[in-house]
Amino acid sequence: MRYSNSRQLFVQTIFLLCSLLALPSHAADALTLEQQLTNALKVKPGTTDRLAEPDPILNALKQQNVISKKANSRGDYTDYYLVSKPFLFMKHEVVVVENEYMAKYVGCCVSPGMGLVLKINGSTKPLKKFATTNGCTFDDGPNAARDLSFVDIKTDVSRGKYATLSCRETDISRWP
């Protein structure tokens, strides 16, 4: 009987350790995705260049099935990806990831870079500071459902407060 109890305790301990080891891995994946996104939006110190290109984070989001392999919509020079599973940026829920680039010339004024539509959870002060520090434009007054319908994305937008964060060339050109 004693052997059975100690063996059971050993098995439970191993199971618990394996479970605990699995948790940080998932959390680390999420942190890595958020850090990659942050790098694609942040400006390199002393320059007007971003720390990272958009493609690596877009590929990582696709691999993790956070966004679809193909954009949900494309308008002018911008791909719009609806987020299909929970993903946070600075504690706010990412609803749409935007990537603006020139694949083919369709007129003037491509402004390469990325943007986000966020569902706000709490204070926007850190987002506003991030925008100011990194040559981005922050707007916490848009109507997300209306804005998404302009680019042919049909989705139910839950009640709440939404904001956009745009970190494109035109945003950084207005940067002090």
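Residues satisfying the salt bridge (Lys or Arg N to Asp or Glu O under 4.0 Å) criterion with Asp79, sequence neighbours excluded, are Arg74. Partners of Glu100 according to the salt bridge (Lys or Arg N to Asp or Glu O under 4.0 Å) rule, which considers only residues two or more places apart in sequence or in another chain, are Arg168. Applying the side chain to side chain contact (heavy atoms under 4.5 Å, CB included) rule to Gln63 yields no partners; only residues at least two apart in sequence or on another chain are considered. When the ring pair (Phe, Tyr, Trp, His ring centres under 6.0 Å) test is applied to Phe138, no partner is found at least two apart in sequence or on another chain. Not a single side-chain hydrogen bond (donor to acceptor under 3.5 Å, both in side chains) links Asn134 to another residue, sequence neighbours left out. Partners of Ala52 by side chain to side chain contact (heavy atoms under 4.5 Å, CB included), not counting sequence neighbours, listed by chain and number: Asn39. Qualifying ring pair (Phe, Tyr, Trp, His ring centres under 6.0 Å) partners for Phe130, counting only residues two or more places apart in sequence or in other chains: Phe89. Scored by the side-chain hydrogen bond (donor to acceptor under 3.5 Å, both in side chains) test, Thr170 finds Ser111 as partners (sequence neighbours excluded).
Residues Leu165 and Thr137 fail the side-chain proximity criterion, which asks for heavy atoms closer than 4.5 Å. Side-chain contact between Val94 and Val66 is absent, with no heavy atoms from C-beta onward closer than 4.5 Å. Put simply, the side chain of Thr164 does not reach to within 4.5 Å of the side chain of Leu116, judged on heavy atoms.
Residue pairs meeting the side chain to side chain donor-acceptor pair (under 3.5 Å) criterion with at least one partner in residues 84-96, sequence neighbours excluded, do not occur; the list is empty. Counting only residues at least two apart or on different chains, no ring pair (Phe, Tyr, Trp, His ring centres under 6.0 Å) pair has a member in residues 38-72. Listed by first then second residue, pairs satisfying salt bridge (charged side-chain N to carboxylate O under 4.0 Å, His left out) with a partner in residues 108-130 read Lys128-Asp140, not counting sequence neighbours. Screening residues 43-57 for side chain to side chain donor-acceptor pair (under 3.5 Å), with sequence neighbours left out, gives no hits.
Rounding to the nearest 0.5 Å places CE of Met114 at 11.0 Å from OG1 of Thr78.
Contact record, Ile57 with Leu33: CD1-O, 3.3 Å, taken as the closest heavy-atom pair. A pairwise comparison of heavy atoms in Ala60 and Gln36 identifies CB-OE1, 3.5 Å as the closest pair. When every heavy atom of Pro54 is checked against every heavy atom of Ala40, the shortest pair comes out as CA-CB, 4.4 Å. In plain terms, the two heavy atoms of Ile120 and Tyr162 that are nearest each other are CG1-C, 4.1 Å. Between Val95 and Leu118, the closest heavy-atom pair is CG2-C, 4.3 Å. Across all their heavy atoms, Pro45 and Leu51 have their closest contact at CD-CD2, 4.4 Å.
A continuous path of Ile, Leu, Val, Met, Phe, Trp and Tyr side chains, each step under 4.5 Å between heavy atoms, connects Val97 with Met90, placing both in one hydrophobic cluster.
Sparse packing is recorded around CG of Asp76, with 12 or fewer heavy atoms of other residues, nucleotides or ligands lying under 6.0 Å away.
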